[in-house]
Amino acid sequence: MEELVSLCKRRGFIFPSSDIYGGLQGLYDYGPLGVELKNNLKSAWWRAMVFDRDDVEGLDAAILTNPLTLKYSGHEETFTDPLVDCRKCQSRWRADHLDDGTCPSCGSEDLTEPRPFNLMFKTALGPVDDGSSFAYLRPETAQAIFTNFKNVVDSTSRRLPFGIAQIGKAFRNEITPRNFIFRVREFEQMELEFFVKPGTDEQWHQQWVQTRLDWWADQGISPNSLQLYNVPANELAHYSKATFDVMFQFPHGLEELEGIANRTDFDLGSHTKNQGDFGIHAKVMANPDSNSKLAIQDLETNKWIVPYVIEPSAGVDRGVLAILHEAYRVEELDNGSKRTVLAFKPHLAPIKVAVMPLKRNHEGIVAKARSIKQELQALGLGRILYENTGNIGKGYRRHDEVGTPICVTVDFQTVDDDDTVTVRDRDTMQQSRISVPDLPAYVKEYFR
Ligand code: GAP
């Protein structure tokens with residue numbers, strides 16, 4: 001973990017937030033390469049969930065959330081972690097994270113009894129902060145999908161089964177944020193709520209588990225690094241009938257990367273007015289505040305159904321950490337030296353191609369390199385970097401370390417002789433000459 005954290009800071013992937021003021025616990029900023037990696041991961045998810053399927057719609061809802069939403073979702077009452085105080089050093093801990101009942105800070109056993117601590121952040125709405133008008137920062141993106149269910153159905157004429165996908169920020173006032181970007185207070189989620197007919201939910205649940213495992217493999221996560229955890233009944237979230245956690249071997253241990261839950265009709269039922277008419281889940285409390293019926297009409301029977309929901313919910317930040325960890329390797333070279341490589345899958349690489357002139361000040365070489373950069377950039381594959389440091393060997397090493405799959409070097413042969421460039425592959429370190437007119441097709445094929 002230390003090596004990764006150091007590389008992330010040194011190369012501009014991830015910085016501690018508010019660093020110049022000593023940081024702010026549980027918050028990180030994504031730097032020039034981190035933002036590209038994160039965006040690429042989110043795009044891959046969106047492509048797989050929305051573009052490649054014909055049964056999912058997208059959504060981008062507000063972060064500030066009406067407290068009633070989080071009352072009826074059950075979060076006000078149950079979204080808590082058990083908090084203990086150390087009476088000796090006054091530090092605070094999550095009771096279920098203590099290994100042996102002693103304070104990790106001073107070793108004292110004199111701890112208070114655990115008490116529930118609600119993880120939601122509140123903020124005042126409007127100019128008067130007297131507590132009468134507030135909103136929550138959403139603790140999951142899912143709730144806005146449920147409260148928009150009718151809007152999406154009415155505007156798209158969707159029938160079951162179908163899903164609504166959303167990527168966005170979520171906030172949790174974690175008692176002990178830790179392990180770099182693994183457990184933070186502000187993070188992003190990629191969530192799909194997939195609505196199905198009751199009775200077909202278990203089959204869809206199994207199907208989504210497999211779909212998600214396959215997707216992580218496509219992002220370069222080896223199936224050997226993943227395990228499925230069938231969450232036991234006493235650990236299930238208040239809305240879940242069954243959950244499979246996709247566990248990844250993070251640098252600090254085997255932990256949850258994504259949760260895939262069968263949320264039943266709990267949420268749509270909870271947010272529905274006149275509930276009881278639709279045979280909804282027993283856990284749901286009566287809702288006099290909603291003005292909507294979050295149900296869908298079955299065209300065959302004309303009956304109203306509150307759909308069941310299968311929810312694959314992945315953390316973007318945990319995904320970034322998993323991908324960095326999986327891609328990181330230090331290789332011994334034949335000449336006894338070492339090179340550090342981030343062997344990202346090409347579609348995730350923050351920089352797709354680095355174009356480098358051999359000579360910094362050679363007009364012809366520089367102009368050619370610039371025009372190649374423009375031409376490759378126009379392919380729309382992601383960031384193509386023109387880099388003029390004049391030291392090609394160092395450039396290759398640096399680009400290995402940030403995971404750039406291809407480096408293109410423009411030299412004298414390019415401009416004086418045959419209009420070819422050197423193309424150097426990150427993984428094999430092989431160099432080959434490719435003619436400039438063939439380069440766009442070569443690069444396109446590489447990233448296909
Ligand atoms: N809507 C369901 C839901 O929020 P969750 O298991 O609490 O379920 C889903 O969260 C995912 O969000 C987790 O699998 C994890 O990847 C990510 N996540 C949750 N809390 C996080 C935190 N404090 N820091 C970073 N990621 C977090």
Side-chain angles (χ1 to χ4, degrees), residues 14 17 24-28 30 38 41-42 45 59 61 63 65 69-70 73-75 78-81 94 96-97 117-121 136-147 163-194 205 208-209 212-213 215-216 219 221 226-231 235-248 250 252 254-264 266-268 270 309-325:
I14 299 163
S17 195
L24 201 51
Q25 221 197 350
L27 295 167
Y28 287 89
Y30 286 77
K38 198 183 190 198
L41 183 66
K42 291 191 284 183
W45 187 90
L59 183 76
I63 287 170
T65 306
T69 299
L70 292 153
S73 68
H75 283 79
T78 59
F79 198 60
T80 59
D81 277 338
R94 228 177 104 165
D96 55 332
H97 282 176
F117 171 76
N118 196 295
L119 301 183
M120 289 196 293
F121 284 101
Y136 288 113
L137 273 65
R138 64 185 179 197
E140 59 171 5
T141 74
Q143 288 308 317
I145 296 183
F146 300 129
T147 54
I164 304 178
Q166 178 167 224
I167 299 176
K169 291 267 184 176
F171 300 81
R172 296 183 189 179
N173 196 3
E174 297 284 353
I175 296 167
T176 42
R178 56 181 169 180
N179 295 320
F180 193 32
I181 52 171
F182 177 80
R183 188 178 306 287
V184 283
R185 291 185 168 135
E186 174 177 340
F187 55 98
E188 276 188 273
Q189 292 183 314
M190 307 182 280
E191 297 202 298
L192 173 73
E193 307 304 321
F194 197 77
H205 197 186
W208 273 110
V209 168
R212 296 302 302 146
L213 289 173
W215 185 82
W216 283 113
Q219 312 317 307
I221 304 284
L226 295 176
Q227 275 182 36
L228 268 187
Y229 177 60
N230 188 351
V231 179
E235 288 177 22
L236 288 174
H238 62 279
Y239 49 71
S240 173
K241 163 179 160 183
T243 298
F244 290 98
D245 284 346
V246 177
M247 309 291 281
F248 175 76
F250 283 99
H252 61 278
L254 187 70
E255 293 244 34
E256 178 186 336
L257 170 63
E258 168 163 355
I260 305 164
N262 182 342
R263 289 182 83 130
T264 70
F266 178 81
D267 300 272
L268 291 183
S270 303
V309 178
I310 306 301
E311 178 198 63
S313 171
V316 176
D317 310 78
R318 288 188 190 179
V320 167
L321 183 57
I323 281 158
L324 281 166
H325 179 54

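This structure is a prediction, so every number in the text was calculated from the model and none was measured. One-based numbering, in listed order, for ligands and for the atoms of each. FYI, the numbering just counts along the sequence from 1.
Taking atom 9 (C) of ligand 1 as the reference point, the nearest protein heavy-atom neighbour is S313 OG, 3.1 Å. Counting protein heavy atoms only, atom 2 (C) of ligand 1 is closest to E311 OE1, 3.1 Å. Of the protein's heavy atoms, F187 CE1, 3.5 Å lies nearest to atom 18 (N) of ligand 1.
The ligand atoms of ligand 1 that sit less than 4.0 angstrom from a heavy atom of E258 are 14 (O). For ligand 1, the atoms closer than 4.0 angstrom to any heavy atom of E140 are 1 (N), 2 (C), 3 (C), 4 (O). Near Y239, meaning under 4.0 Å from any of its heavy atoms, are these atoms of ligand 1: 2 (C), 3 (C), 8 (O). Of all atoms in ligand 1, listed by their number and element, those nearer than 4.0 Å to a heavy atom of R263 are 1 (N), 2 (C). For ligand 1, the atoms sitting less than 4.0 Å from at least one non-hydrogen atom of E174 are 22 (C), 23 (N), numbered in the order shown with element in parentheses. Atoms of ligand 1 found under 4.0 Å from any heavy atom of E256 (numbered from 1 in listed order, with element): 6 (O), 13 (C), 14 (O). Residue G259 has at least one heavy-atom neighbour below 4.0 Å for each of these atoms of ligand 1: 14 (O). The contact set between ligand 1 and E191, taken as ligand atoms under 4.0 Å from a residue heavy atom, comprises 1 (N), 2 (C), 3 (C), 4 (O).
At a 3.5 angstrom cut-off on N or O pairs, G315 counts as close to ligand 1. Checked against a 3.5 angstrom limit, the closest N/O atoms of A142 and ligand 1 fall outside it. Looking at F182 next to ligand 1, an N or O pair under 3.5 Å apart turns up.
At least one side-chain heavy atom of L41 sits under 4.5 Å from a side-chain heavy atom of I323. Between L137 and M120 the shortest side-chain heavy-atom distance does not fall below 4.5 Å. Between E188 and D317, some side-chain heavy-atom pair lies under the 4.5 Å cut-off. Taking 4.5 Å as the limit, some side-chain heavy atom of V246 sits within range of a side-chain heavy atom of I260. Contact check for E140 versus S313: no side-chain heavy atoms found under the 4.5 Å cut-off. Residues R183 and R172 are not in side-chain contact: their nearest non-hydrogen atoms beyond the backbone lie 4.5 Å or more apart. Side-chain contact check for Q227 versus L254: some heavy-atom pair is nearer than 4.5 Å.
When heavy-atom distances to ligand 1 are checked against a 4.0 Å cut-off, T141 has no atom that comes that close, whether in backbone or side chain. Contacts between R185 and ligand 1, counted as non-hydrogen atom pairs separated by less than 4.0 Å, are absent for every part of the residue. Residue contacts with ligand 1, taken as heavy atom pairs separated by less than 4.0 Å, involve V184 via backbone and side-chain atoms alike.
Summarising the contacts of atom 5 (P) of ligand 1 with R172, R318, E193, the nearest heavy atom is found in R172. Closest heavy-atom approach to atom 10 (O) of ligand 1 within the set E186, R178, Q189, R138: this belongs to Q189.
Contacts of F117 classified as ring-ring contact (aromatic ring centres under 6.0 Å, His included), with partners at least two apart in sequence or in another chain: none. Considering only residues two or more places apart in sequence or on other chains, Y28 meets the ring-ring contact (aromatic ring centres under 6.0 Å, His included) condition with F180.
Side-chain contact of T141 with E191: a donor-acceptor pair under 3.5 Å is present, judged by distance alone.
Aromatic ring orientation, F79 versus H75: tilted (interplanar angle from 30° to 60°).
Cation-pi check for R318 over F182 is met; the charged atom lies under 6.0 angstrom from the ring centroid and within 45 degrees of its normal.
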